[in-house]
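The block underneath contains the structure these notes are about, expressed in structure tokens.
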Amino acid sequence: MRNSPFVIPHRVGAVAVLIFILGAISSVLINKSSFGIFVFFQTKPLNMGRVDSSSLSSPDKIITTNIKLTWDVDFTEKSIKGSAILDVKTLEDSVTHLVLDTRSLTIHSVTDFKTGQKLDFNLKEEVKPYGWPLEIKLPTSAQQKGSTAKISVEYATSPNASALAWMEPEQTSGRKHPYLYSQCQAIHARSIVPCQDTPAIKITYQADVTVPHKLTALMSATRLENQLSSRDGAKRIFKFHQTVPIPSYLFAIVVGALESRKIGPRTSIWSEADIVDIAAAEFEDTEKMLVAAESIAGPYNWDQYDLLVLPPSFPFGGMENPCLTFVTPTLLAGDKSLANVIAHEIAHSWTGNLVTNLNWNHFWLNEGHTVFLERKIIAKLNDEQTRHFHAIGGWKDLINSVKEYGEEHEFTKLIPFLEGSDPDDSFSSVPYEKGHTFLFYLETLVGGPEAMDGFLKHYIATFALKSIDTDQWKECFLDYFQKKVPSDAFDGVDWDTWFFKPGMPPVKPDYDTTLADACTELCELWDQASEDDLGGFSKTDIEDFSALQIKEFLGQLLQKDPLPISHILAMDNAYQLSASHNSEIKFKWLELQIKSEHEPVIQPALDFVNIQGRMKFVRPIYRELYAYDKASDKAVANFKEQEKYMHPITRSMVAKDLNLE
Ligand code: BES
Ligand code: ZN
């Protein structure tokens with residue numbers, strides 16, 4: 001029972017009434033209460049007794065174990081049409097209905113697959129921001145505890161499905177064929193499949209996907225080799241299966257004119273033809289990273305590890321879709337300098353995809369552990385100094401996120417309260433970097449990197465294929481170290497503050513600054529320089545810097561007061577930063593100029609957000625231009641002009657950033 005994903009609901013169910021009564025009177029007490037008590041005595045009742053407040057389905061009553069998808073991808077109507085057959089299992093007696101999450105789906109019919117009988121269904125009113133619950137009457141044979149059913153839903157997606165980017169041929173680099181890709185995390189799977197869209201449950205899936213003849217379909221699954229052609233030859237059918245149970249946010253599909261290059265025993269690169277060789281070279285260390293990850297985390301469980309390089313509108317750096325990581329083309333720097341994103345997505349194969357957060361409140365379990373493992377992979381390929389250098393950069397990202405939200409903000413907590421919120425709104429560096437900092441801090445208490453590696457292996461072996469919360473993580477951690485460290489090793493750990501206090505963490509680890517020192521020195525020189533000193537700077541200052549050190553130097557300058565325009569001009573003259581093709585350097589350099597209100601930066605900054613759609617870059621640039629009086633109107637006008645080409649998630653987030661929603 002301890003490891004079951006349903007520990008919280010049962011407990012909460014048992015004390016739900018108590019919570020309501022105590023919740024009202026306990027707000028002061030609560031913030032200081034211990035973690036164990038937290039589960040029972042939240043300021044607000046935890047998820048109103050639900051496992052996952054972001055899902056309208058009831059995974060504590062009934063669960064889906066498998067989904068069979070039959071999809072026809074219609075580029076003309078920008079719709080996926082077809083069916084989803086769900087295998088469900090009832091967990092309690094007298095469960096009369098199955099509720100599925102949906103968003104903007106048209107439901108044609110619902111059938112009991114075993115008998116062929118139609119089932120009554122009701123697509124209820126929208127519950128913002130979670131979508132339209134689809135309530136299906138269960139066959140009587142499936143209403144008692146332990147019984148099962150196969151339920152088939154015939155449906156079609158909407159052209160504005162939030163998970164889907166539909167692209168016209170002109171928006172692709174080949175310009176001949178349309179392109180489609182999905183992004184389901186956190187709660188967008190419901191816009192392409194009627195499902196229990198919660199990471200609390202895991203399912204296997206199979207899919208038959210029909211696409212126009214010249215296009216290739218790939219999914220977050222194993223592709224079965226024998227594709228079929230439709231009778232008239234106009235279409236092709238691709239078949240997939242995912243035999244490892246996964247949470248719904250890991251559903252993924254791409255359809256386009258895709259090419260591939262094999263770059264390792266279990267890895268091919270997929271992309272449009274123009275960049276496939278460039279990408280193959282940039283990511284050639286993938287197998288080395290997989291081997292390093294396996295040495296820390298245990299065997300790789302997913303057979304294939306392919307990489308898909310998406311069109312520039314892809315909103316993230318990377319997305320850990322099983323068997324097929326999705327990445328942004330902004331990683332193609334030419335010097336492998338941004339490959340840590342690949343290490344990160346590889347790491348998710350264990351932390352996230354095998355051991356999964358129970359709900360989005362515990363997202364730090366996914367991302368904090370993944371950043372931690374990412375940097376351990378980096379250490380294996382380089383050294384501990386490099387690992388620390390990355391952590392120093394991460395600490396700055398955390399400072400920036402806390403500043404952006406405000407240090408009292410709920411979303412600066414490691415475990416935020418998300419009831420009623422869209423998990424996309426709580427997305428920031430906080431779960432990543434506060435989570436990483438916490439694990440790094442614990443590593444210093446248990447005796448160093450190797451001791452912590454032992455825990456990581458144990459943690460993954462214990463919870464593989466399960467969905468867990470922080471309580472279970474903590475118990476596992478303390479159990480593992482109980483006999484390995486002195487009994488007072490964790491006396492100084494303020495668990496409560498780490499988990500539930502907003503703002504920066506209570507401890508800043510003592511990172512090795514060797515690789516950052518040169519960046520700090522140069523930053524100080526620029527910060528202190530008078531006009532007369534500017535002639536003393538030249539490209540030799542940074543000739544020994546790696547791309548990441550240039551990024552670090554700019555990152556440090558961004559923590560200082562704005563540089564005078566004279567300095568900006570002298571810096572570009574000396575270091576040719578405006579000519580950099582490294583997206584991270586370009587981004588920081590634009591930010592630095594916006595901060596200095598260097599007016600000529602406005603157009604290049606707008607160009608940057610128009611040619612790529614990675615939210616890590618696009619959102620801060622829009623926000624910073626919006627806050628700069630001379631650029632504000634131009635930013636809004638640019639958004640209005642570009643929004644039709646933007647990814648639906650990016651469009652919606654930037655609209656919020658620009659106060660347009
Ligand atoms: N799983 C995330 C991306 C994500 C998180 C999408 C939440 C939607 C909702 C992915 O693994 C990620 O963290 N990507 C980072 C990589 C970075 C931390 C190295 C990114 O996109 O920048
Ligand atoms: Zn991640």
Side-chain angles (χ1 to χ4, degrees), residues 54 162-163 165 181-189 191 197 199 220 246-252 289 293 307-310 312-322 324-331 333 337-357 359-378 390-391 393-398 400-401 411 416 418 421-436 548 551 583-584 587 612-620 647-650 652-653:
S54 302
S162 61
Y181 67 86
S182 67
Q183 167 58 43
C184 285
Q185 199 179 14
I187 58 165
H188 302 285
S191 74
D197 194 8
S220 52
I246 57 163
S248 55
Y249 74 84
L250 294 177
F251 281 130
M289 291 182 175
L307 285 164
L308 169 74
V309 186
L310 286 125
S313 63
F314 185 59
F316 293 95
M319 177 65 214
E320 65 272 26
N321 296 316
L324 180 67
T325 281
F326 284 22
V327 295
T328 165
T330 64
L331 302 185
S337 58
L338 307 178
N340 73 295
V341 176
I342 307 297
H344 179 95
E345 305 313 332
I346 286 174
H348 271 305
S349 309
W350 291 267
T351 48
N353 297 7
L354 274 187
V355 182
T356 306
N357 47 215
N359 56 46
W360 302 113
N361 303 33
H362 300 278
F363 183 51
W364 85 274
L365 291 176
N366 274 19
E367 295 300 346
H369 285 81
T370 297
V371 174
F372 192 68
L373 191 47
E374 165 199 338
R375 292 184 183 148
K376 285 195 172 268
I377 297 170
I378 303 279
H390 281 263
W395 180 266
K396 261 195 295 300
D397 293 341
L398 179 57
N400 291 337
S401 285
F411 297 160
L418 294 180
S421 311
D422 183 339
D424 281 348
D425 291 338
S426 67
F427 181 80
S428 78
S429 292
V430 171
Y432 292 77
E433 298 299 343
K434 208 178 207 183
H436 170 271
L548 287 191
K551 175 190 164 193
S583 57
E584 294 280 354
F587 169 55
Q612 56 75 42
R614 190 174 170 187
M615 284 199 283
K616 172 182 177 180
F617 301 147
V618 170
R619 293 189 61 195
H647 188 281
I649 300 174
T650 318
S652 134
M653 298 309 291

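Just follow the structure's listing: the first ligand is 1, and inside any ligand the first atom is 1.
Considering every non-hydrogen atom in both Tyr181 and Ser313, the closest pair reads OH-OG, 2.8 Å. Of all heavy-atom pairs between Pro423 and Ser54, the closest is CG-OG, 3.6 Å.
Taking the six-membered ring for Trp, Phe316 and His647 have ring centres at least 6.0 Å apart.
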Verify salt bridge (Lys or Arg N to Asp or Glu O under 4.0 Å) between Glu584 and Lys616, making sure each step is shown before the conclusion. CA-CA 10 Å; Glu584 294 280 354; Lys616 172 182 177 180; 2.7 Å; yes
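The distance from the OH atom of Tyr432 to the OG1 atom of Thr370 is 8.5 Å, given to the nearest 0.5 Å. In this structure, CG on Asn321 lies 6.5 Å from CG on Leu324, to the nearest 0.5 angstrom.
In this structure, Thr356 contributes its side chain and Pro199 its backbone to no donor-acceptor pair below 3.5 Å.
Distances shorter than 2.8 Å separate the Zn ion (ligand 2) from the protein N/O/S atoms His344 NE2, His348 NE2, Glu367 OE1, Glu367 OE2.
Here Lys376 pairs with Glu443, Asp453 under the side-chain hydrogen bond (donor to acceptor under 3.5 Å, both in side chains) rule; sequence neighbours left out. Checked against side-chain hydrogen bond (donor to acceptor under 3.5 Å, both in side chains), Asp424 has the following partners two or more places apart in sequence or in another chain: His188.
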Where does ligand 1 get N/O contacts under 3.5 Å from the protein, atom by atom?
{"residue": "ligand 1", "atom": "1 (N)", "partner": "Gln185", "partner atom": "OE1", "Å": "2.7"}
{"residue": "ligand 1", "atom": "1 (N)", "partner": "Glu320", "partner atom": "OE1", "Å": "2.6"}
{"residue": "ligand 1", "atom": "1 (N)", "partner": "Glu320", "partner atom": "OE2", "Å": "3.1"}
{"residue": "ligand 1", "atom": "1 (N)", "partner": "Glu367", "partner atom": "OE2", "Å": "3.1"}
{"residue": "ligand 1", "atom": "11 (O)", "partner": "Glu320", "partner atom": "OE1", "Å": "2.9"}
{"residue": "ligand 1", "atom": "11 (O)", "partner": "His344", "partner atom": "NE2", "Å": "3.3"}
{"residue": "ligand 1", "atom": "11 (O)", "partner": "Glu345", "partner atom": "OE1", "Å": "2.8"}
{"residue": "ligand 1", "atom": "11 (O)", "partner": "Glu345", "partner atom": "OE2", "Å": "3.2"}
{"residue": "ligand 1", "atom": "11 (O)", "partner": "His348", "partner atom": "NE2", "Å": "2.9"}
{"residue": "ligand 1", "atom": "13 (O)", "partner": "His344", "partner atom": "NE2", "Å": "3.0"}
{"residue": "ligand 1", "atom": "13 (O)", "partner": "Glu367", "partner atom": "OE1", "Å": "3.3"}
{"residue": "ligand 1", "atom": "13 (O)", "partner": "Tyr432", "partner atom": "OH", "Å": "2.6"}
{"residue": "ligand 1", "atom": "14 (N)", "partner": "Gly318", "partner atom": "O", "Å": "3.3"}
{"residue": "ligand 1", "atom": "14 (N)", "partner": "Glu345", "partner atom": "OE2", "Å": "3.3"}
{"residue": "ligand 1", "atom": "21 (O)", "partner": "Gly317", "partner atom": "N", "Å": "2.6"}
{"residue": "ligand 1", "atom": "21 (O)", "partner": "Gly318", "partner atom": "N", "Å": "3.3"}

